[in-house]
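Below is one structure, written out as structure tokens, with a few remarks after it.
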Amino acid sequence: MNGRADVFRTIVAGVARHKGTQLVLSIGDQLHPKEIGPVPGNAIVVNQTPQLEVLKRTWVCITHAGLNTVLESPTQGVPQVAIPITFDQPGVATRIAAKKTGVTMPFEKLTSDQLSTLLGEVLSNALYPENARKFQDVIAKTNGLSMAADLVEQSLGVTKKAGAFQV
């Protein structure tokens with residue numbers, strides 16, 4: 001939804017009600033941060049941000065339930081508020097809710113009040129960060145990158161031989 005200043009304004013307004021939180025809002029390259037309008041002192045609006053570095057310092061991630069963010073958040077033990085928009089996002093958000101690593105709401109129902117309520121639920125209920133940390137542990141133990149590379153090699157018929165690969 002890059003380019004939808006109204007959506008970003010709704011997020012800013014929803015988070016603004018949570019004094020003591022700091023919002024870092026990455027809006028993409030279609031808008032200038034000034035187009036979001038005046039923001040409260042607890043909000044920083046930027047075009048791009050180093051997501052993994054920010055997630056390391058985050059208590060909750062507000063996401064459209066894109067798979068990259070949804071997978072990166074639990075690697076840092078961060079619960080999520082998911083607002084799915086299209087494609088696979090509703091299904092991904094349903095899994096967030098089912099595993100209780102966060103909460104979700106349909107994009108069509110997004111209001112600053114609803115977002116503020118859901119954000120408050122995640123911030124005040126220890127269940128969400130506990131479950132996100134459980135997934136963090138599972139992900140760390142799984143070594144997914146190496147496992148994925150092994151699966152690709154197997155599917156291509158690549159075998160490892162004494163420090164070399166053989167097809």
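Side-chain atoms are counted along with the backbone in the values below, which use heavy atoms only and exclude waters and symmetry mates.
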So if you build clusters from Ile, Leu, Val, Met, Phe, Trp, Tyr with side-chain heavy-atom gaps below 4.5 Å, do [X] and [Y] land together?
X: Ile85; Y: Leu118; answer: yes
X: Val39; Y: Val54; answer: no
X: Leu55; Y: Ile27; answer: no
X: Ile36; Y: Leu23; answer: yes
X: Val60; Y: Val15; answer: yes

- Under a side-chain separation threshold of 4.5 Å, the hydrophobic residues clustered together with Ile139 are none
Report yes or no: does [X] contribute a side-chain atom to a donor-acceptor pair with the main-chain N or O of [Y] at less than 3.5 Å?
X: Thr104; Y: Ala82; answer: yes
X: Thr75; Y: Glu72; answer: yes
X: Arg17; Y: Ser112; answer: yes
X: Thr117; Y: Asp113; answer: yes
X: Arg9; Y: Arg4; answer: no

- When you look at Arg133 and Glu130, which way does the salt bridge (charged side-chain N to carboxylate O under 4.0 Å, His left out) test go after all the steps? CA-CA 5 Å; Arg133 283 190 295 275; Glu130 286 172 12; 5.2 Å; no
Contact check, side chains of [X] and [Y], non-hydrogen atoms, under 4.5 Å:
X: Glu35; Y: Phe8; value: no
X: Gln51; Y: Cys61; value: no
X: Val7; Y: Ile83; value: no
X: Pro33; Y: Val46; value: no
X: Met147; Y: Asp150; value: no
X: Gln76; Y: Thr58; value: no
X: Lys19; Y: Asn42; value: no

Distance check, rounded to the nearest 0.5 Å: [X] atom [atom1] versus [Y] atom [atom2]?
X: Trp59; Y: Leu119; atom1: CH2; atom2: CG; value: 11.0 Å
X: Thr101; Y: Gln80; atom1: OG1; atom2: CD; value: 5.5 Å
X: Leu67; Y: Arg95; atom1: CG; atom2: CZ; value: 9.5 Å

